[in-house]
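Numbers restart at 1 for each chain; the letters A, B, ... are given by sequence-line order, proteins then strands.
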2 protein chains.
Amino acid sequence: MANYSAAVEPASADLDGIFTALADPTRRAVVRRLGTGPASVGDLADAFPITLPSFMKHVRTLEANGLIRTEKRGRVRTCVLRRDRLAAVDDWLAEQRLVWEQRTDRLERLVTDPKEERP
Amino acid sequence: MANYSAAVEPASADLDGIFTALADPTRRAVVRRLGTGPASVGDLADAFPITLPSFMKHVRTLEANGLIRTEKRGRVRTCVLRRDRLAAVDDWLAEQRLVWEQRTDRLERLVTDPKEERP
DNA sequence: GCAATACTTAGCCACATGGCTAACTATTCG
DNA sequence: CGAATAGTTAGCCATGTGGCTAAGTATTGC
């Protein structure tokens with residue numbers, strides 16, 4: 001049994017960044033594309049109708065929030081998805097589900113055991 | 001077998017809103033709290049160090065993006081979580097995982113069957 | 001070595017976001 | 001009825017976001 005006890009949401013600042021990064025369709029598309037393997041900034045950018053500098057901002061946002069890693073070799077910057085960071089979203093959802101389930105259990109008990117008082 | 005074919009991300013506009021709504025710690029905390037059951041705006045707001053009008057904006061954002069429903073009876077507005085909408089996040093993650101797995105399969109084949117050419 | 005390539009930097013702009021105060025409306029309680 | 005309660009509306013403000021153009025730098029190919 002692990003750490004289900006956090007009174008405050010764990011890693012809140014990280015989640016801010018991760019959700020913010022995923023809130024933009026261009027960035028989600030990049031994440032999706034990188035799911036199929038690494039790609040250069042230029043190759044990625046070709047798929048979008050915005051200028052390179054604008055596109056670069058998205059790349060920086062994704063990197064700043066840990067969703068991708070990038071590395072420059074020669075004049076080419078290659079981007080790689082960091083799948084582990086998306087797990088943070090998974091974790092948040094799981095935690096949320098846990099909260100629901102606890103509630104469901106409580107309701108269950110309410111039906112099963114009439115000793116409990118009504119809200 | 002369902003619809004795995006979408007060339008473009010399904011429900012992109014919805015995801016924009018959902019991820020945006022979840023990108024704020026106050027709003028995530030509200031979602032979490034509502035996981036334990038409905039609550040009035042005032043009760044929810046008590047947990048946060050911001051003014052009521054500011055808090056109301058978050059409530060409106062959550063409602064506008066479908067994460068909660070709210071209803072006013074008398075002078076009290078009650079908020080309820082819409083769990084079904086959070087499933088959209090789940091779906092996006094699942095789709096993303098599908099992309100990875102396809103890639104993994106490809107790499108697998110590359111190792112298993114040397115006929116395939118290198119990238 | 002010169003030109004093309006692949007970003008990068010700098011700076012500007014419009015609009016969205018999240019916070020605030022002040023003042024207002026609508027219910028409910030005594 | 002009148003006061004307290006629970007939101008709501010309006011308007012202001014600083015900062016953040018996503019887009020652009022123009023110009024610069026560093027590699028690479030001929």
I need the CD-P distance between Glu71(B) and dA6(D), as an integer number of Å. 18 Å
For Leu52(B), answer base if it contacts any base atom (sugar-phosphate contacts may also be present), sugar-phosphate if it contacts only those atoms, and nothing otherwise; contact means non-hydrogen atoms under 4.0 Å. base
side-chain contact (heavy atoms from CB on, under 4.5 Å) for Asp14(B) and Trp92(B)? Distances and angles first, verdict last. CA-CA 11 Å; Asp14(B) 277 13; Trp92(B) 182 83; over 6 Å; no
What is the distance, to the nearest angstrom, from the CZ atom on Arg75(A) to the P atom on dG29(D)? 6 Å
Judged by each residue's nearest nucleotide on DNA chain D, which is more toward the 5′ side, Ser40(B) or Thr20(A)? Ser40(B)
dG19(C) OP1/OP2 closer than 4.0 Å to side-chain N/O of Thr51(B): no
To the nearest 0.5 Å, how far apart are CG in Leu34(A) and CZ in Arg83(A)? 12.5 Å
Path from Trp100(A) to Leu93(A) over hydrophobic side-chain contacts below 4.5 Å: yes
Are Val76(B) and Leu62(B) connected into the same hydrophobic cluster when the rule is that any two of I, L, V, M, F, W, Y join if their side-chain heavy atoms are below 4.5 Å apart? no
Residues of residues 58-65 of chain B with any non-hydrogen atom less than 4.0 angstrom from an atom of DNA chain D: list those, numerically ordered, please. Arg60(B)
Is there a donor and acceptor pair, one atom on the side chain of Lys72(B) and one on the base of dG7(D), closer than 3.5 Å? no
Need to verify one output field. Residue with the more 5' nearest nucleotide on DNA chain D, Lys57(B) or Gly42(B)? Gly42(B)
Determine all donor-acceptor pairs shorter than 3.5 Å in which one atom belongs to a side chain in residues 46-60 of chain A; sequence neighbours excluded.
{"residue": "Thr51(A)", "atom": "OG1", "partner": "Ser54(A)", "partner atom": "OG", "Å": "3.0"}
{"residue": "His58(A)", "atom": "ND1", "partner": "Arg27(A)", "partner atom": "NH1", "Å": "3.1"}

Give the rounded distance in Å between these two atoms: CG of Asp46(A) and P of dT5(C). 13 Å
Hey, is the side chain of Arg77(A) poking within less than 4.0 Å of OP1 or OP2 on dT8(C), counting only N and O atoms? yes
Is the backbone of Val99(A) close enough, under 3.5 Å, to the side chain of Arg32(B) for a donor and an acceptor to pair up by distance? no
State whether the side chain of Asn65(B) and the backbone N or O of Leu67(B) hold a donor-acceptor pair below 3.5 Å, judged by distance alone. no
Reckon Arg27(B) has a side-chain N or O less than 4.0 Å from the OP1 or OP2 of dG18(C)? yes
Does dG18(D) have OP1 or OP2 sitting under 4.0 Å from an N or O in the side chain of Ser54(A)? no
Atom CD1 of Ile50(A) and atom P of dC13(C): how far apart are they, to the nearest Å? 21 Å
Let me know the distance between CG of Asp16(A) and P of dG16(D), rounded to the nearest Å. 14 Å
Measure the distance from CZ on Phe55(B) to P on dC20(C) and round it to the nearest whole Å. 12 Å
Using atom CZ of Phe48(B) as one end and atom C1' of dG18(C) as the other, report the distance to the nearest whole Å. 14 Å
Please report, rounded to the nearest Å, how far the C1' atom of dG11(C) is from the CE atom of Met56(A). 17 Å
